[in-house]
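Report on one structure; see the data block that follows.
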There are 2 protein chains.
Amino acid sequence: MALSEKAQATREKIIAAAAELFYRNGYHATGLDKVIRRAGVTKGNFYYHFPSKEALAIATLDWQYERFSTEIREQVLSRRGNALEALLNLLNYMAGRQKKQHEEGQILGCYFGNFALELSSVSPAVRDKVNAVFASYAELIEKLLRHARKKGLISESLDPGQLAPVILGQIEGAILLDKARHQPGNFDQSIEFIRNYLESS
Amino acid sequence: MALSEKAQATREKIIAAAAELFYRNGYHATGLDKVIRRAGVTKGNFYYHFPSKEALAIATLDWQYERFSTEIREQVLSRRGNALEALLNLLNYMAGRQKKQHEEGQILGCYFGNFALELSSVSPAVRDKVNAVFASYAELIEKLLRHARKKGLISESLDPGQLAPVILGQIEGAILLDKARHQPGNFDQSIEFIRNYLESS
DNA sequence: ATAACAACCGACCAGTCAGTCTGTCGTATC
DNA sequence: GATACGACAGACTGACTGGTCGGTTGTTAT
């Protein structure tokens with residue numbers, strides 16, 4: 001088990017390096033050699049841990065999902081406030097990430113959205129994984145909307161089940177536009193729009 | 001000029017082949033050899049017309065923009081109806097394209113959105129081009145909203161300049177989600193949402 | 001006829017791609 | 001001390017990458 005811990009650390013080093021490079025340059029534009037050099041690992045070692053580059057991609061998706069989920073849980077959902085505030089805090093938190101990236105040089109977008117567009121028409125495995133991630137986030141939004149509705153924070157006429165994917169799509173689209181524009185702004189505007197819609201329907 | 005016409009035809013053959021392959025498999029996943037084989041053209045001929053693969057990508061973006069713009073103009077905007085109906089027709093027309101793709105096998109998404117996410121953090125030239133395309137579409141939406149507002153079809157309280165990018169983002173996001181889900185549906189739901197919002201604000 | 005040039009041909013290049021293979025090292029078990 | 005195995009090393013493969021280059025064609029102007 002002592003060795004297994006070291007192996008686990010190696011595995012994570014590879015995933016972390018790959019996630020960074022995939023995020024920055026895209027999947028196809030990132031060679032395996034770059035990944036293993038950055039991870040400080042050899043070819044043989046890589047293929048001991050992963051059967052293929054595609055498997056690595058999926059591992060990074062799982063890893064990022066896990067990281068991002070706990071980040072949200074700790075930084076956003078743990079804060080006190082009602083369900084509607086929690087939802088808006090979540091959106092603002094993500095917008096803040098965008099802005100931070102912009103200050104650091106460039107907006108890299110949504111890790112899952114990037115993979116969705118680059119690979120989902122070419123790799124079913126990646127598509128399924130990305131899809132599961134989106135479904136999970138839509139579910140979170142739906143849950144918050146349901147709570148908000150139950151507490152009377154948003155109108156009874158709003159359908160959380162229908163609204164949640166719309167909001168998720170709005171977010172992904174705003175991130176895409178901000179990445180293309182190389183400047184944040186669409187995201188904030190979308191949040192403002194959603195907030196206004198939810199509060200005045 | 002007779003030769004120039006033939007050369008122009010060759011150039012367009014290359015662009016058409018590349019656009020199809022880039023759309024289907026992505027930019028990096030598409031080798032130049034595949035492009036020239038599909039276009040029925042040789043390597044030398046290709047590099048006579050284009051200085052690089054990146055330049056080809058930009059040419060396809062221009063080409064697709066031109067094609068799609070005239071398609072919209074002829075199929076959607078020429079039909080009679082007020083500005084609000086025109087906007088909704090436009091959205092429904094795009095949703096119809098999605099559905100057709102789905103019936104043909106798989107949803108390929110938005111050509112510009114795909115490039116935006118795969119290349120805009122890596123190629124400034126592509127980013128600028130995609131950005132110009134988005135700006136143009138946002139402008140079209142804004143124009144329709146302004147007309148609709150002037151005619152009293154939508155509320156005075158709605159700001160076309162702010163709303164247009166939000167709607168564009170909503171569309172791009174819905175397409176992304178549909179592509180990831182391998183199934184249309186989000187697009188229609190988004191249209192329904194937008195329609196409802198515009199008519200009842 | 002010939003010169004000039006636009007358009008095209010395809011062999012070739014160095015480099016990179018994902019992936020394979022043989023082998024080694026350290027540790028744990030017997 | 002031998003055996004076994006998990007973890008790693010890295011040279012190597014063949015296919016493919018984007019891109020180059022010397023040469024050929026077809027047409028047009030002189």
Side-chain angles (χ1 to χ4, degrees), chain A residues 1-61 115 118-119 122-126 129, chain B residues 1-61 115 118-119 122-126 129:
Chain A
M1 273 305 138
L3 276 186
S4 184
E5 264 175 41
K6 195 190 170 205
Q8 192 56 38
T10 301
R11 193 184 137 90
E12 186 151 345
K13 259 198 312 184
I14 295 171
I15 291 176
E20 167 74 18
L21 291 170
F22 289 164
Y23 195 24
R24 196 145 237 113
N25 307 318
Y27 174 76
H28 280 113
T30 303
L32 235 28
D33 284 349
K34 297 250 178 69
V35 172
I36 65 172
R37 201 179 316 143
R38 186 181 185 106
V41 152
T42 59
K43 228 13 174 342
N45 197 359
F46 170 80
Y47 275 100
Y48 175 77
H49 287 284
F50 301 94
S52 68
K53 191 188 179 186
E54 190 186 18
L56 171 62
I58 290 172
T60 65
L61 288 168
F115 268 88
E118 188 177 353
L119 288 176
V122 124
S123 161
V126 166
K129 180 58 70 179
Chain B
M1 273 305 139
L3 275 187
S4 183
E5 264 175 39
K6 197 190 169 206
Q8 192 55 38
T10 302
R11 193 185 137 90
E12 185 151 347
K13 260 199 311 185
I14 296 170
I15 291 176
E20 167 75 18
L21 291 170
F22 288 163
Y23 194 25
R24 197 147 236 110
N25 308 317
Y27 173 77
H28 281 113
T30 303
L32 274 183
D33 284 349
K34 299 249 178 69
V35 173
I36 64 171
R37 202 180 315 143
R38 184 180 187 106
V41 151
T42 59
K43 220 35 173 325
N45 199 359
F46 170 79
Y47 275 99
Y48 176 77
H49 286 284
F50 300 95
S52 68
K53 191 188 180 188
E54 190 187 19
L56 171 63
I58 290 172
T60 67
L61 288 168
F115 268 88
E118 187 177 352
L119 288 177
V122 124
S123 160
V126 167
K129 179 60 70 180

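Everything numeric here is computed off the predicted structure, so don't read it as measured data. Order of the sequence lines fixes the chain letters, A, B, ..., with proteins taken first and strands second; residue numbering starts at 1 for each chain.
When the P atom of D:dA11 is taken as reference, atom CG of A:Leu32 falls 17 Å away, rounded to whole Å. Going from atom CZ of B:Arg11 over to atom P of C:dA6 covers 16 Å, rounded to whole Å. Atom CZ of A:Phe46 is separated from atom P of C:dA18 by 9 Å (rounded to the nearest Å). Remark: C1' of D:dA7 and CD of A:Glu5 are 14 Å apart, rounded to the nearest angstrom. Atom-to-atom, NE2 of A:His49 to C1' of C:dG19 comes out at 17 Å; the value is rounded to the nearest Å. Between the NZ atom of A:Lys13 and the P atom of D:dA9 there is a distance of 8 Å, rounded to whole Å. Counting to the nearest Å, the C1' atom of C:dA7 and the CZ atom of B:Phe50 are 14 Å from each other. Following rounding to the nearest Å, B:Arg37 (CZ) and C:dC8 (P) show an atom-to-atom distance of 20 Å.
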Checklist entry - Given the rule in the side-chain contact (heavy atoms from CB on, under 4.5 Å) test, do B:Leu56 and B:Phe22 qualify, once you have shown the distances and angles that lead to the verdict? => result CA-CA 10 Å; B:Leu56 171 63; B:Phe22 288 163; 4.1 Å; yes
Next on the checklist: Let's go through A:Lys43 and A:Asp33 carefully: what are the C-alpha distance in whole Å and the side-chain angles of both, what is the deciding distance for side-chain contact (heavy atoms from CB on, under 4.5 Å) to 0.1 Å, and is it a yes or a no?
Outcome noted: CA-CA 8 Å; A:Lys43 228 13 174 342; A:Asp33 284 349; 3.4 Å; yes
Next on the checklist: One pair to check against side-chain contact (heavy atoms from CB on, under 4.5 Å): B:Tyr27 and B:Val126. What are the steps and the verdict?
Outcome noted: CA-CA 11 Å; B:Tyr27 173 77; B:Val126 167; over 6 Å; no
Next on the checklist: Pair A:Val41, A:Tyr48 - check side-chain contact (heavy atoms from CB on, under 4.5 Å), show working.
Outcome noted: CA-CA 11 Å; A:Val41 152; A:Tyr48 175 77; over 6 Å; no
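OP1 or OP2 of D:dA9 has at least one side-chain nitrogen or oxygen of A:Asn45 nearer than 4.0 Å. Regarding contacts with the backbone of D:dC8, every side-chain N or O of A:Tyr48 stays at 4.0 angstrom or more from both OP1 and OP2. Contact check, A:Thr42 against D:dG10: no side-chain N or O comes under 4.0 Å of OP1 or OP2. Close to C:dG19, at under 4.0 Å from its OP1 or OP2, lies a side-chain N or O of A:Tyr47. Note on B:Thr10: every side-chain N or O is 4.0 Å or more away from OP1 and OP2 of C:dA7. Taking only side-chain nitrogens and oxygens, A:His28 never comes nearer than 4.0 Å to OP1 or OP2 of C:dA18.
Side-chain N/O atoms of A:Lys53 and base N/O atoms of C:dG19 include no donor-acceptor pair closer than 3.5 Å.
You'll find that the side chain of B:Lys34 is closest to D:dT17, out of D:dC8, D:dT17, C:dA11.
Once rounded to the nearest 0.5 Å, the distance linking CD of B:Glu20 with OG1 of B:Thr60 reads 12.0 Å.
Note on A:Gly44: a base of the nucleic acid sits closer than 4.0 angstrom, heavy atoms only.
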